[in-house]
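Quick caveat: nothing in here was measured; it's all calculated off a predicted structure.
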Amino acid sequence: VQLVESGGGLVQAGGSLRLSCRISGFLLDSYAIAWFRQAPGKEREALSAINRKDGQTYNDASAMGRFTISTDNAKNTVYLQLTSLKPEDTAIYYCAADLFFPKPDFWRQSMHWNYWGQGTEVTVSS
């Protein structure tokens with residue numbers, strides 16, 4: 001099982017980026033997928049997740065209205081579209097996967113996700 005993120009970079013405040021998470025070793029439609037981020041000196045925080053079994057998506061308040069999770073089964077890839085970026089969005093962004101989607105109250109907790117990518121860095125300048 002391997003998750004490889006890409007698409008990060010340097011962007012000005014107000015700009016957009018699309019992050020990709022290419023998955024190998026399992027079929028995307030069999031797993032739950034999430035995006036997290038970790039800013040310097042801060043704990044890892046959950047942004048968005050998708051339960052592949054029922055298609056329901058979950059978004060943290062920090063992502064609501066600005067970040068959108070989506071999938072492309074043909075490419076076995078998950079995306080996170082970032083819009084209206086702010087300097088405080090500067091972080092390393094990670095995708096995570098697990099065979100089972102955590103209970104809705106627990107999807108934000110890193111411990112419930114068994115597979116992780118190496119991360120892609122996003123820097124937002126003011």
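- Remark: Gln12 CD to Ser125 OG distance equals 5.0 Å, nearest 0.5 Å.
- The hydrophobic cluster containing Phe36 does not contain Val122, counting ILVMFWY residues as joined when their side-chain heavy atoms lie under 4.5 angstrom apart, directly or transitively.
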**OP:** For the pair Thr71 and Arg52, evaluate side chain to side chain contact (heavy atoms under 4.5 Å, CB included) and give the outcome as yes or no after the intermediate values.
**Re:** CA-CA 10 Å; Thr71 61; Arg52 299 296 296 168; 2.9 Å; yes

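- The hydrophobic cluster containing Tyr115 also contains Ile69, counting ILVMFWY residues as joined when their side-chain heavy atoms lie under 4.5 angstrom apart, directly or transitively.
- Checked for salt-bridge contact, Glu45 and Arg37 meet the test: a charged N lies under 4.0 Å from a carboxylate O.
- Atom CG of residue Asp72 and atom CD1 of residue Ile23 lie 11.0 Å apart, to the nearest 0.5 angstrom.
- Here the CZ atom belonging to Arg22 is positioned 13.5 Å from the CD atom belonging to Glu5, to the nearest 0.5 angstrom.
- Between the side chains of Asn59 and Ser48, a donor-acceptor pair is found at a separation under 3.5 Å.
- Checked against the 6.0 Å centroid threshold, Trp35 and Phe67 do not count as a close aromatic pair.
- Linking ILVMFWY side-chain heavy atoms closer than 4.5 Å, directly or via other members, places Leu19 and Leu10 in two distinct hydrophobic clusters.
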**OP:** For the pair Arg108 and Asp60, evaluate side chain to side chain contact (heavy atoms under 4.5 Å, CB included) and give the outcome as yes or no after the intermediate values.
**Re:** CA-CA 8 Å; Arg108 293 178 178 84; Asp60 186 77; 2.8 Å; yes

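- Closest heavy-atom contact between Ala13 and Ser126: CB-CA, 4.3 Å.
- Note on Tyr94: it clusters hydrophobically with Trp113, by side-chain heavy-atom contacts below 4.5 Å among ILVMFWY residues.
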Subject >> Criterion side chain to side chain contact (heavy atoms under 4.5 Å, CB included) on Gln118 and Val4, from CA distance to verdict >> reply: CA-CA 7 Å; Gln118 84 291 346; Val4 179; 4.2 Å; yes

Original post:
Step by step, would you call Gln81 with Ser16 a side chain to side chain contact (heavy atoms under 4.5 Å, CB included)?
Top reply: CA-CA 7 Å; Gln81 180 70 44; Ser16 300; 4.0 Å; yes

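- One hydrophobic cluster holds both Ile33 and Val1 under the rule that ILVMFWY side chains link at heavy-atom gaps under 4.5 Å.
- Ring-centre distance between Phe101 and Tyr58: below the 6.0 Å cut-off.
- A distance-only check finds a donor-acceptor pair linking the side chain of Asp98 to the backbone of Asn114 [under 3.5 Å].
- His112 and Phe106 have tilted rings, their planes meeting at an angle from 30° to 60° on a 0 to 90° scale.
- The two residues Thr83 and Gly65 come nearest to each other via the heavy atoms OG1-O, 4.5 Å.
- Closest approach of Ala91 and Gln38 over heavy atoms only: CB-O, 3.4 Å.
- The number of heavy atoms from other shown groups lying within 6.0 Å of NZ (Lys53) is above 12.
- Taking the six-membered ring for Trp, Phe26 and Tyr31 have ring centres closer than 6.0 Å.
- Under the 3.5 Å distance criterion, the side-chain polar atoms of Thr90 are left unmatched by any main-chain donor or acceptor of Glu88.
- Interatomic distance, Cys21 SG to Tyr93 OH, rounded to the nearest 0.5 Å: 15.0 Å.
- No more than 12 heavy atoms of other residues, nucleotides or ligands shown are found within 6.0 angstrom of CE on Met111.
- Contact annotation: the side chain of Asp89 approaches that of Arg66 to within less than 4.5 Å [non-hydrogen atoms, C-beta and beyond].
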